[in-house]
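Here the structure comes first, spelled out in structure tokens, and everything after it is commentary.
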Amino acid sequence: MTIYNLFPTPVQFFKLGRELRKLENNFLLDQEQRKNSGNTSSVNNYVLQGKELFNLKCFIELSLNKYFKEVYAPAEDVELYITQSWLNYCKKGQFHHQHKHPNSFVSGIFYVQADANKDKIYFYKDEYKQLSVTTNKYNLYNSDSWWLEVKTGDLILFPSSLTHKVETVETDLRVSLSFNTFLKGNLGNNQELTELVLEK
């Protein structure tokens, strides 16, 4: 018997491969914060534009380029660019509500501070269920949600339509940098009347 994994959702991990520099770390941890649903977020919604994060932004952009080419294999002259970027701070006992990212194509999360033994991200399947069958063994086919362990220096990229959340945090402080992207360039075909010019 053969099972085909049709139309999978691509969630890809990248690793920074180095510790954050003191300048980067101080910039990320010293941002002014505002209250969010269950945690706090940075007031600055364009964090990656900071000159202190130039090298980190280069790593993220290179990873986005690899993800986009590998997953979408675009035939047109089109690429991703980062639209907004912000920080999420979760202290012990806080959480990050279930959500997705509208007005974005691919979203990402870079973990500034996370404990591999305790920190996770939960993803949810958005699918109409006509029937609900009780299972005695969860797997990627029958689960409505799936969690992945995360740690400092991890970068996760995924379609912006994918619902996700962070359950109650057990560590003293979990800090993540989230960002959205959109496309720039040309989509479609002029002669087929499907052309769409996307300028930044």
Side-chain angles (χ1 to χ4, degrees), residues 8-16 19-20 24-50 52-53 56-57 59-61 63-64 67 71 80-127 129 138 140 143-182:
T9 303
V11 177
Q12 188 169 10
F13 271 73
F14 293 86
K15 302 204 179 290
L16 181 59
E19 290 188 3
L20 287 170
E24 295 170 324
N25 212 45
N26 289 345
F27 180 80
L28 292 163
L29 296 179
D30 291 342
Q31 291 289 314
E32 183 183 354
Q33 298 174 36
R34 63 177 174 81
K35 192 174 182 181
N36 194 8
S37 178
N39 64 351
T40 58
S41 297
S42 60
V43 172
N44 181 358
N45 290 328
Y46 300 93
V47 170
L48 283 170
Q49 289 183 7
E52 297 87 346
L53 301 184
L56 181 59
K57 185 179 181 182
F59 160 71
I60 290 172
E61 289 176 332
S63 301
L64 276 168
Y67 176 91
V71 172
L80 291 174
Y81 70 96
I82 297 169
T83 55
Q84 287 190 290
S85 52
W86 63 98
L87 289 152
N88 304 295
Y89 305 89
C90 282
K91 294 179 182 175
K92 193 170 186 177
Q94 293 185 323
F95 63 93
H96 201 158
H97 64 285
Q98 189 169 316
H99 65 287
K100 55 181 77 171
H101 293 217
N103 298 330
S104 177
F105 192 74
V106 171
S107 291
I109 305 168
F110 174 77
Y111 290 91
V112 178
Q113 193 168 307
D115 185 338
N117 297 314
K118 295 181 179 178
D119 286 322
K120 303 175 180 71
I121 182 168
Y122 286 76
F123 289 102
Y124 292 84
K125 180 165 60 176
D126 291 325
E127 179 183 277
K129 262 192 166 178
Y138 288 102
L140 289 171
S143 296
D144 291 326
S145 66
W146 201 264
W147 58 261
L148 299 169
E149 294 174 341
V150 295
K151 63 180 181 297
T152 302
D154 282 348
L155 169 65
I156 305 179
L157 300 178
F158 52 90
S160 299
S161 58
L162 185 59
T163 302
H164 53 286
K165 80 169 187 179
V166 175
E167 291 201 328
T168 303
V169 170
E170 297 177 18
T171 50
D172 291 334
L173 181 64
R174 167 186 172 135
V175 182
S176 60
L177 190 164
S178 297
F179 55 90
N180 287 334
T181 68
F182 203 66

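None of the values given here were measured: they were computed from a predicted structure. For this chain, numbers begin at 1 and follow the sequence in order.
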Between Phe110 and Leu20, is any pair of side-chain heavy atoms under 4.5 Å apart?
yes
Charged N to carboxylate O under 4.0 angstrom, Lys165 versus Glu167?
yes
Taking side-chain contact (heavy atoms from CB on, under 4.5 Å) as the test, write out the residues that go with Asp115, two or more places apart.
Asn117, Lys118, Asp119, Thr171
Test item: side-chain donor near acceptor, Gln31 and Ser42, under 3.5 Å
no
Verify, without hydrogens or angle tests, whether Lys125 (side chain) and Ser143 (backbone) share a donor-acceptor contact under 3.5 angstrom.
yes
State whether the side chain of Tyr67 and the backbone N or O of Pro10 hold a donor-acceptor pair below 3.5 Å, judged by distance alone.
yes
Begin with the C-alpha distance, continue with both residues' side-chain angles, and end with the deciding distance and a verdict on side-chain contact (heavy atoms from CB on, under 4.5 Å) for Asn45 and Phe179.
CA-CA 9 Å; Asn45 290 328; Phe179 55 90; over 6 Å; no
Atom NZ of Lys15: over 12 foreign heavy atoms under 6.0 Å:
yes
Distance-only, no hydrogens or angles: does the Gln49 side chain make a donor-acceptor pair with backbone N or O of Tyr46 under 3.5 Å?
no
Return the set of residues passing ring-ring contact (aromatic ring centres under 6.0 Å, His included) with Phe59 (not counting sequence neighbours), or none when no residue passes.
none
Does the side chain of Asn36 reach to within under 4.5 Å of the side chain of Thr40, using non-hydrogen atoms?
no
Nearest atoms (heavy-atom pairs only) where Leu173 meets Gln113:
O-NE2, 3.3 Å
Just to verify, what does Thr163 make a side-chain contact (heavy atoms from CB on, under 4.5 Å) with, not counting sequence neighbours?
Gln98, Lys100, Tyr124, Asp126
State which residues pass ring-ring contact (aromatic ring centres under 6.0 Å, His included) with His97; sequence neighbours excluded, sorted by chain then number.
His99
Got a donor-acceptor contact below 3.5 angstrom from the Arg34 side chain to the Asn44 backbone?
no
Is it true that the side chains of His101 and Ser160 contain a donor and an acceptor less than 3.5 Å apart?
no
Could you pull out the closest heavy-atom pair between Glu61 and Ile82, with the gap in Å?
CG-CD1, 4.1 Å
OG1 of Thr181 to CG of Leu157, rounded to nearest 0.5 Å, is 8.5 Å
May I have all residue pairs that pass ring pair (Phe, Tyr, Trp, His ring centres under 6.0 Å) and include part of residues 24-43, sequence neighbours excluded?
none
So, Ser107 versus Asn180: side-chain donor-acceptor pair below 3.5 Å or not?
yes
Ala116 and Lys151 have their tightest heavy-atom pair at CB-CB, 3.6 Å
Would you compute the distance between atom NE2 of His96 and atom NE2 of His164 and round it to the nearest 0.5 angstrom?
6.5 Å
Quick one: are Val106 and Pro159 in side-chain contact, heavy atoms under 4.5 Å?
no
Value for CG (Asp30) from CG (Asn25), rounded to nearest 0.5 Å, stands at 9.0 Å
Within a strict 4.5 Å, meaning less than it, do heavy atoms of the Glu24 and Leu53 side chains meet?
yes
The criterion is side-chain contact (heavy atoms from CB on, under 4.5 Å); which residues satisfy it with Phe13, sequence neighbours excluded?
Leu148, Val150, Asp154, Ile156
I'd like to check Phe105 versus Leu80 (side-chain heavy atoms, cut-off strictly below 4.5 Å). Are they in contact?
yes
Once rounded to the nearest 0.5 Å, what's the spacing between atom CG of Asn103 and atom CD of Gln84?
9.0 Å
So, do Phe158 and Phe123 have ring centers that fall under 6.0 Å from each other?
yes
Heavy-atom closest pair (Leu28 atom, Tyr89 atom, distance to 0.1 Å) is O-OH, 2.8 Å
Check whether any side-chain heavy atom of Tyr81 lies under 4.5 Å from a side-chain heavy atom of Phe182, and answer yes or no.
yes
Is the closest side-chain heavy-atom distance between Leu155 and Ile109 below 4.5 Å?
no
Closest non-hydrogen atoms of Ser178 and Asn88, given as atom of the first, atom of the second and distance, are OG-ND2, 2.8 Å
Does any part of the side chain of Val169, heavy atoms only, come nearer than 4.5 Å to the side chain of Gln94, both counted from C-beta?
no
Looking at Ser85 and Leu48, would you say the former's side chain and the latter's main chain have a donor-acceptor pair under 3.5 Å?
yes
